[in-house]
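Below you'll find the structure, written out as C-alpha cells, and then a few comments.
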Amino acid sequence: MTLMIFFGVIIIAVILALIRAVKGPTAPDRVVGVDIMVTITVALMVLLGIFFKRRIYLDVSLIYAVLSFVGVIAVARYLDKGL
Amino acid sequence: MVNPSLLIAVPLAFAFSIPLFGLVSKKIGKYIPVVALLINVGISFILIPQILKKPAVVSIGGWSPPFCINLVVGPLGVFLVTLISSIGLLVAIYAISYIKEEPTEKYHMLFLLLITGATGIVLTGDIFNLFVFFEILCISSYALVAYNKDKEGTEAAMKYLIQGSVGSSFVLIGIALLYGMFGTLNMADIASRVTSADPTFLFISLAFLITGFGIEAAVFPLNAWLPDAHSSAPSSISAILSGIAIKTGVYGVARMIYTIFNADGILTFIAFLGLLTLLIGEMSAFRQNDIKRLLAYSSIGQIGLIVFALGIATSLGVFAGLFQIVSHALAKALLFLAAGYMIYRVGSKSIDSLSGLGRKMPLTSFAFTIGSFSLIGLPPFAGFISKFSIVYAAIQVKKPIFLVFVVIALIATVIEAGYFFKVVQNLYFKEGKNVDNVTETSGYIIVPMIILVISIIVIGIHPQFITGLLKGAAGELLGRTGYIGWVLGGS
Amino acid sequence: MSGIYNWMYYIASGGLILIGLYIVLVKTNLIKIVIGLNFIDTGINILLICIGYVRGRTAPIFSRPGISPANVVDPVPQALVLTAIVIGVAVLALALSIVIKVYQHNKTLNVTKIKGLKW
Amino acid sequence: MIFQLILIFIMIILAVAASLFKDLINAVVACAAVSLITSILFYFLQAPDVAMAEAAIGAGLTTAVFIIAIRKTERYEK
Amino acid sequence: MRRIVSIIILIIIAVGFIFAFSKIPFGKDKINVANYYIKKGIKQTGAVNIVTSVVLNYRGFDTLGEVTVLFIAAVGLGAVLFVERKIQKNMDDKEDKTKRASLILRTGSRLLFPLILLFGAYIFVHGHLTPGGGFQGGAIIASGFLLMYLAFPKQRINKKTSGLAESLSGLIFVGIGLLGLVFSGYFLTNFLPKGIPNTLFSAGIIPIIYIAIGFKVGFELTGIIDDLLERSR
Amino acid sequence: MNQIIGYIVMGVGVAFLFLGALGVFRFPDVYNRLQAGTKCTTLGAFLSIIGAGIVEPTWFLKCLIIAVFILFTNPISAHALARASYKSGVKLWDKSVVDKCKDFEECAKAQEDDK
C-alpha cells in the first residue's frame, strides 16, 4: 500500500519532468528533464524490485545508475564543441 | 555423410579469421573466399546424390525438431545452395584482381558473409532463424553497395537501407504474429497447425511476410531501390545481388506461400504481380542509356518472369520457374561481370562509349553476347529452355487468363530482345571513338566468364544435368505434407 | 475499462510502429528517418515481449527456490528480442555511417534535395 | 496497471515530440527518453534480460552514436 | 500529396494491426513449445536463467547469426568510412585544437572507467545466473570506452589488437560449435559437464560462449564508435 | 522494525524526488533547474534506494552499490551539462545576481589553467 503511494508520487514527478523535457525552450533544458527522468527511474526500478520481490531485478537499475550519465555527457560535449 | 551445418560454419569461421590471416600477409585475404566457397561447392556436390535419395533434417544443438533450430536440406535447399556457392565461387575468383579500392580485406569479409547469409536462408527450417540470416544478407549488401564510397553508391545504399530495413521490420512483425498465434517458430510445426487458425489473421500475417520478402525480391510496387543499388555497386557485387540476393527473396515468398500458409487463393494475384513486374522492368530497361542500369532493370523483368512462373503453381510451372532461376543467375552474373570489366577498361558506363569493343576485347564481348542471347531465350542456350517451359506450363493450365498472360510475357521478351540486340550491335558493328588503347584481359578476370559461358551452353544443350534435381525441388515446394513429415515425423 | 488494460501494450507497440513508419514516409531529414527506423524496431520489440507475457507470472529465472515452472512467463520471445535489439543497433550504426557519407557528398540532409534519394 | 498506462502515454507523447522537433539534438534526447520508458515497460512485463539490453544500449551508446553523426553533419532540420 | 498517401497506408496497416491483435489475447497463457524449455531447461542445460539457455543452447544458432550481424555492421562501417592513411594524418593535424574536457569530467571518468569495465565483466560472467549476458556486458564495456573517448578526445584504442580480439572471440564461438559437432554429432551442442545449477561454474559451454560474446561485442561497439569519431572528419 | 524505518527513509527519498522534479518544472532557467534537479534528485534517489536496502536486508549491499554510483555519476553529468550550456550561450535568468564564470576573462581561459 505504501509502495503504491510512492509509485503515484514518482509517476507525478516523471510527468513533471516530461513536461519540462517536451516544453523546455533550449536543448539543455530538455536534457535536464530527461536526466531527472532517468534518476527517478532508477529509484522506481528499485522500488519495483521490492514490489515484485525479485532481487535479480536490481541489476537493471544498476545499469542505469552506472551508464545514464554517459548519454548526458555526450550531449554536453557536443554542446561545448569538444567532441 | 557430411553434416550440412558445415555449409554455414565453415564460411563463418573463414570470414572471422581473415584479420588473423592479415597478420601473416596482406595478400592472403583475397584468396580466403575462394577457398571457403570451394569447400562449400565440394560439400554441396557430395550432398546432392544423398539428398535426392533421402532428405536430411539436421538439428542444431542436439534436440528434436520443434524445440530447436534445424536445417532442412531437401532437394530445393541443396539445389539453391549449389547455385549460390558456385556463382559465389566464380565471382570470388573474379574479385581477386577486380577489387582494387581499399580496404580490400573488409570487402572480402563482407562478401563471404553475404554468401553465408544466402546459404543460411535457403537451408534453415526455423522462421526466426530465416529472419536472422535475411538480415545478414541485407546488412552486408547495404555495406557492399556503398563500398565504392562515391556519390551514387552511397545514395543508392541509403535508399536500399531504408526500404530494406522497413521490409525486414515487416517480416519480424509477421513472425511475431505467427508466434503469438501458434506458440512455435518451426516452419513445419506452423505449417501443420495453420489450418486451425482464423483466415483473416492468417491473411494479415501473410501480407506482412510477403511485403517484407517482396521488398528484397523487388516485386513490382516495392522495387524502387533495385536499379540504383544494382547499378552503382561494384560490378562483382551487382552480379551477386542480381544472381543470388533477389532469388533468396523469391525463395522467401515461395516458402511462405507454398509450404507454410498453403495459400492457393492468392496465387493468381502473385502471377499477375509478376507479370506487371516483368512489363515494367523491360519497358524501363528499353529507355536506359547506362549499361548497368539496363542490366538492373532487366533483372527486375526476369524476377517478374520467375514470380509469374511460380504463380502458375503446377509442378511444370514451378519447375520452369526454378529453371529460370538457374539460367538467369548464370546469364546475369556473366553479363554483370563482363560489363563491369568493360566499364573498368573504358571508364564510362554509357552504352555508346562501349561501341567498337568487339574487336578490342573479343573474349569479354563474346561472353557478353552469349549472356544476352541466353537471357533473351535464343535456342542453343539455357535461357531458351527455361522460357519455353514457362510458356508451355502457362498454356497447360488451360485457363483463359493465363493465355492473355503468356501473350504479354512474349511481348515483354520481344522488348528485351530489342534492347539487348542494340547493345550487341553497338559492341560489334560500330566504330569506337576512344578505345584504341583498350586491351583484352587475362587471368582471374576471364576464367569465371569462360566457365559461365560453358555452363550456359552445356545446360542449354543437355538440360538433363539438372532436371532431376529441379523436379525434386519443385516437388518439395508443392508437397507440403512431405516437408512436414520430414521435419516432425522423421525424428 | 478492462478493455484498455488488455490493449495498452498493443497500443504502445502499434503506436510506436506507426509513428516510426510515418516518420520514415513523410519526414525529409535523413537522421530523422533513421530515428523512425529505430522507433519501428522498439515497437516490434514491445510487441514480441507482450505476446510472451502471462498475467501474474514472474521472470523465467529460477534464482531462488519457490518459483515453480508453472509460474513463469514465456522465455522464447525474450530470447528473440535480444537478437532483434542487436540487429537494430547494427542497422542503426551502419545507417548513420552511410548518412555521414551522403552528407559529405551533398552537403545537405534533406531528401528532396538529393537527386539519388527521391522516391 | 494505471502506472503502465500513464507510462505508455508518456512514451507516445515523447515519440510524437521526437518527430516534431526541428532541432535534431532534441529529437535524439527524446529518442533516449523513449528507450528509457521502453526499458521500464520491459521491466513491468517481467523481462529483465531485455530491459537490461535496452538499458545498456539506450542509455549511452545510441545517443552517442546519433550525436557523433549530428556532429559530422548538421544540427537543424531545414 | 505524399502525406495523404502515407496516411492512407498507415490507416490500412493500423486496421490490420487491430484485427490481428484482437486474435491474440494479452496476458493469457499461450505458451506452447516453450513449456519444454521451462520444464526441462535446468536439467538439460544447467543454467538457472532459462532465457540464457534458450539464447545459447536451444536457439544458439540465432545468437551466432546475431554476433555475425554486429560483426558485419562493424566491418561495413569501417569500409564505408574508410579514409586513406595520408589524408587522415592531415585532417588530424587540422583538428589538433580539440578542446579538452573539464577537470572534473576527466578525473571522474578516470575513476569510473575501471569500475564500469568490472561491472561489464560481472554481467557477462554471471549470465547464466542473473539477467544479463554477453551482449549486455559487451555494451557496458563499450560504454566505458565511450566515456573515455568523451573525456579524452585524443586518446585512441589500438585498432589492431581490438580487431584481433574480435576475430579470435568469433573463432572461439564457431570453434566451440565445431567441437560439439566432433564430440556429439550436432553443431553447437553442450559437450561439457553441466555442473550444479545456481553456481558460477555450471551450465557447460554457456559461460565460455558468453565471455567470448562479451569481448566480441565490447570491442565491436568500441570499434564502431572509434571509426565514427576518427575517420572521415 | 526495520520495515518501518526503511519505509520512512524511502518516503523521505520519494518526497525529495518529487520536489526535485517540481523544481525542474517550476524554475526559470537552465542553471536553476540543474540546481534543483541534481541536488534534490540525487539525495532522493540515494535515500529511497538505501530505504529499499533497509526493508530487505539481504539486498543492502547491492542497493548501496547503486546508491554510491548515483552519488558519483549525477554530479559529473550535471557539471558537464552546466558548463556546456554556459559555453553554448544559454543566457542566465534576467534576475540572477551572480555570474562567477563571467568574472574570469573567458571560460575557456579558466580551462587552460586547469592543465
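To find a chain, count down the sequence lines: A is the first, B the second, and so on, and within it residues start at 1. Note that these values count all heavy atoms, side chains included, but never hydrogens, waters or copies made by symmetry.
- For D:Ala32, no part sits under 4.5 Å from any heavy atom of chain A, backbone or side chain.
- Chain A forms the most heavy-atom pairs under 4.5 Å with one residue out of D:Ser39, D:Ala64, D:Ala56, and that residue is D:Ser39.
- Put simply, the side chain of A:Val34 does not reach to within 4.5 Å of the side chain of D:Leu36, judged on heavy atoms.
- Taking both residues in full, the closest heavy atoms of A:Tyr64 and D:Ala55 are given as CE1-CB, 3.4 Å, listed atom of the first, atom of the second, then distance.
- Here A:Leu48 is the residue among A:Leu67, A:Leu48, A:Val75 with the most heavy-atom pairs under 4.5 Å with chain D.
- With a 4.5 angstrom heavy-atom cutoff, A:Ile73 does not touch chain D via any of its atoms.
- When D:Val28, D:Asn26, D:Ile37 are compared by the number of non-hydrogen pairs under 4.5 Å with chain A, D:Asn26 comes out ahead.
- For the residue pair A:Arg30 and D:Val29, the shortest heavy atom distance occurs at O-CG1, 4.2 Å.
- Heavy atoms closer than 4.5 Å to chain A are found nowhere in D:Phe66, neither backbone nor side chain.
- Ranked by heavy-atom pairs under 4.5 Å with chain D, the first of A:Thr26, A:Val14, A:Asp59, A:Ile10 is A:Asp59.
- Contact of the D:Gln46 side chain with the A:Tyr57 side chain is registered, since non-hydrogen atoms from C-beta on lie closer than 4.5 Å.
- Both the backbone and the side chain of D:Ile68 come within less than 4.5 Å of a heavy atom of chain A.
- Residue D:Ile10 holds its CD1 atom at 6.0 Å from CD1 of A:Ile11, rounded to the nearest 0.5 Å.
- Contact of D:Ala30 with chain A is not made at all, since no heavy-atom distance falls under 4.5 Å.
- For A:Phe69, no part lies under 4.5 angstrom from a heavy atom of chain D.
- In terms of heavy atoms, A:Met45 sits closest to D:Tyr43 at O-OH, 3.0 Å.
- Interface remark: D:Ile13 contributes side-chain atoms only to the contact with chain A (heavy atom separation under 4.5 Å).
- What you find for D:Ile67 and A:Ala74 is that their closest heavy atoms are CG2-O, 3.9 Å.
- If you measure heavy-atom distances from D:Ile6 to chain A, the contacts under 4.5 Å come from the side chain alone.
- No side-chain donor-acceptor contact under 3.5 Å links A:Tyr78 to the backbone of D:Arg71.
- Looking at D:Ile25, the atoms closer than 4.5 Å to chain A (heavy atoms on both sides) all sit in the side chain, from C-beta outward.
- With values rounded to the nearest 0.5 angstrom, A:Leu44 atom CG is found 5.5 Å from D:Ile40 atom CD1.
- The two residues D:Pro48 and A:Val60 have their closest heavy-atom pair at O-CG2, 3.9 Å.
- With a 4.5 angstrom heavy-atom cutoff, A:Ile63 touches chain D only via side-chain atoms.
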